[in-house]
Asks: 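Got a structure for you, written out below as structure tokens; questions coming shortly.
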Amino acid sequence: MPGTVGYRRVQIALHWAIAVVIAANYLLGDDMGRALRTHLQGGEVGLFPAMMHVWLGLAVLVLVALRLGVRLILGVPEAPAGDPELLRRAGHLVHVALYVLMIAMPVFGVLAWYAGIGVAGDAHEIAANLIMLLAGLHAVAALFHHYVLGDGLMWRMLRAQSRH
Ligand code: HEM
């Protein structure tokens, strides 16, 4: 992983934009099972929440692709110095899992909505729940670092770093 001094403004903007869109879509997800059945039977579904959920899901896909492209170009900072090796690895693993799920979840959604593949709908739901679980764990870990270990980790995702 390339070592940089911190996240850049565009990386921070993408992190929080994706977090907000995913949280909003999770809240809209409740009625989607019914909407999917109506849609696959050729019925009309409303703009809200069904189509909004579909468009926000597609937006996640675009934003994550952008984010990975930016990551490839700008790199990311190392895990905080002094973290035990096991924690560094766990943190890295959670980040990788979140990236995989952030791609897999909307792709499964697209396969369910546009191709009518039933099992993709189930996989979409499982991926969404897993994201919530891992993102919750990830947020608790970040806050633990910041407030308990006192290493100021949260500033990395709040304040952009310029290169030295
Ligand atoms: C309140 C919620 C959240 C907080 C407090 C938070 C905080 C942070 C912080 C501080 C970092 C930097 C960690 C480091 O540099 O070692 C980070 C990175 C990251 N966050 Fe979050 N985050 C939140 C929500 C989310 C959500 C919802 C997702 C995705 C679904 C997410 C995905 C990621 C990923 C993939 C990284 C790694 C970025 C990289 O290095 O490429 N985060 N987050």
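First listed ligand is number 1; within each ligand, the first listed atom is number 1. Note that these values count all heavy atoms, side chains included, but never hydrogens, waters or copies made by symmetry. The first residue of the sequence shown is numbered 1, and numbering continues consecutively from there. Fair warning: this is a prediction, and the values are worked out from it, not measured in the lab.
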Asks: Among residues two or more places apart or on two chains, list those pairs meeting side chain to side chain donor-acceptor pair (under 3.5 Å) that have a residue in residues 126-144.
Replies: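 Listed once each, the pairs are Tyr26-Asn129.
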Asks: Find all atoms of ligand 1 within a distance of less than 4.0 Å from any non-hydrogen atom belonging to Met102, and give their numbers and elements.
Replies: 29 (C), 30 (C)
Asks: Kindly work out whether a path of hydrophobic side-chain contacts (I/L/V/M/F/W/Y, heavy atoms less than 4.5 Å apart) joins Leu61 to Val100.
Replies: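 No, because Leu61 and Val100 fall into different hydrophobic clusters, even though each may have its own neighbours under 4.5 Å.
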Asks: Name the option, out of Glu78, His138, His146, that contains the heavy atom nearest to atom 6 (C) of ligand 1.
Replies: His138
Asks: Under 4.5 Å between side-chain heavy atoms, chaining through other members, with only Ile, Leu, Val, Met, Phe, Trp and Tyr counted: pull out the rest of the cluster around Leu149, sorted by chain and number.
Replies: Phe144, Val148
Asks: Looking at Val76, which atoms of ligand 1 are within less than 4.0 Å of one of its heavy atoms?
Replies: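 Selected atoms, number and element: 39 (C), 40 (O), 41 (O).
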Asks: Are the side chains of Phe48 and Leu28 in touch, meaning some heavy atoms are under 4.5 Å apart?
Replies: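 Yes, close enough: below the 4.5 Å cut-off.
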Asks: Would you confirm whether Gln11, through its side chain, and Ala160, through its main-chain N or O, come within 3.5 Å as a donor-acceptor pair?
Replies: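 Side chain of Gln11 to backbone of Ala160: no pair is present.
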Asks: Select the closest option to atom 11 (C) of ligand 1 among Gln11, Met132, Met157, His92, judged by heavy-atom distance.
Replies: Met157
Asks: Can you sort out which atoms of ligand 1 are near Met154, meaning under 4.0 Å from one of its heavy atoms?
Replies: 5 (C), 10 (C)
Asks: Between Tyr99 and Arg71, is any pair of side-chain heavy atoms under 4.5 Å apart?
Replies: yes
Asks: Does ligand 1 have a heavy atom under 4.0 Å from the side chain of Trp16, from its backbone, from both, or from neither?
Replies: side chain
Asks: Pull out every atom of ligand 1 sitting under 4.0 Å from any heavy atom of Arg67, numbered as shown with elements.
Replies: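 Within the 4.0 Å cut-off of Arg67, ligand 1 contributes 19 (C), 20 (N), 32 (C), 33 (C), 34 (C), 35 (C), 36 (C), 38 (C).
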Asks: I'd like to know whether ligand 1 has Ile18 as a neighbour, heavy-atom separation below 4.0 Å.
Replies: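 Ile18 does not count as a contact of ligand 1 under the 4.0 Å cut-off.
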Asks: Can you tell which of Leu153, Ile22, Val94, Val96 gets a heavy atom nearest to atom 30 (C) of ligand 1?
Replies: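 Comparing heavy atoms across Leu153, Ile22, Val94, Val96, the nearest one to atom 30 (C) of ligand 1 lies in Ile22.
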Asks: List every atom of ligand 1 that sits less than 4.0 Å from any heavy atom of Arg71, numbering the atoms from 1 in the order shown and giving each element.
Replies: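 Going through ligand 1 atom by atom, the ones under 4.0 Å from Arg71 are 39 (C), 40 (O), 41 (O).
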